[in-house]
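Here's the structure we're looking at; comments come further down.
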Amino acid sequence: DAGVIQSPRHEVTEMGQEVTLRCKPISGHDYLFWYRQTMMRGLELLIYFNNNVPIDDSGMPEDRFSAKMPNASFSTLKIQPSEPRDSAVYFCASSLSGYGYTFGSGTRLTVV
Amino acid sequence: GEDVEQSLFLSVREGDSSVINCTYTDSSSTYLYWYKQEPGAGLQLLTYIFSNMDMKQDQRLTVLLNKKDKHLSLRIADTQTGDSAIYFCAESKESGYSTLTFGKGTMLLVSP
């Protein structure tokens, strides 16, 4: 298995633009997580899905952030409009029944 | 205070042992994990321990758990320059499925 695949690896965008981050979890995994990593806050859980259904989105910072999982092999995290304070590394992770997450390599987002 | 706390930085010489410490607050934690993050990469699961265990050894890695003090440690024997990375402690709060809570990570620097 290729592991959790995230794209793009790097994204630089201007403030106010829409940003879409993508994730392909490991086949057969039933949980998918979106995390954000910054120096100040460390790893923050934004949202997670179980069998494609969002379970807890209490970590989503504000309405500018949205996430979808239309099927078991694909998820997106969208920021619209983006702001400089959204600059961070965004990780997707998946797991089977919640034990031992496998992380993707992350998307480094820079909003200028 | 933080749910999971770690010291931020540790520096050792190649060949020495490294000990990375972690404290957590939730006595109901059932699984405790150590993840490694190399520069520009996602988090990689190194090892984990069930809360009913005191110790787990896996090659150069030894995990010690003091449940009474809610203290977890990761010992790396014969530390190599390739072990330089950020190490994250994480806990899951309930039996069965739950999300992981991560510490802010300990940066390990191994000098030749």
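The sequence lines fix the lettering, A, B, ..., with proteins before strands; numbering per chain opens at 1.
The closest side-chain donor-acceptor pair between Ser82(A) and Thr13(A), if any, does not fall under 3.5 angstrom.
Contacts with chain B were tallied for Phe103(A), Tyr35(A), Phe91(A); Phe103(A) has the most, counting heavy-atom pairs under 4.5 Å.
Only the side chain of Gln37(B) comes within contact range of chain A, with heavy atoms under 4.5 Å apart. Gln37(A) touches chain B through its side chain: at least one heavy atom from C-beta onward sits under 4.5 Å away, while N, CA, C and O do not. For a residue to count as touching a neighbouring chain, one of its non-hydrogen atoms must lie under 4.5 Å from one of that chain's; by this rule Arg108(A) does not touch chain B.
Below 30°, between 30° and 60°, or above 60°: for Phe50(B) and Tyr31(B) the angle between ring planes is above 60°, a perpendicular geometry. In this structure, Tyr48(A) and Tyr31(A) have tilted ring planes: the angle between them lies in the 30° to 60° band.
With Asp58(B) contributing its side chain and Leu61(B) its backbone, the two residues share no donor-acceptor pair below 3.5 Å.
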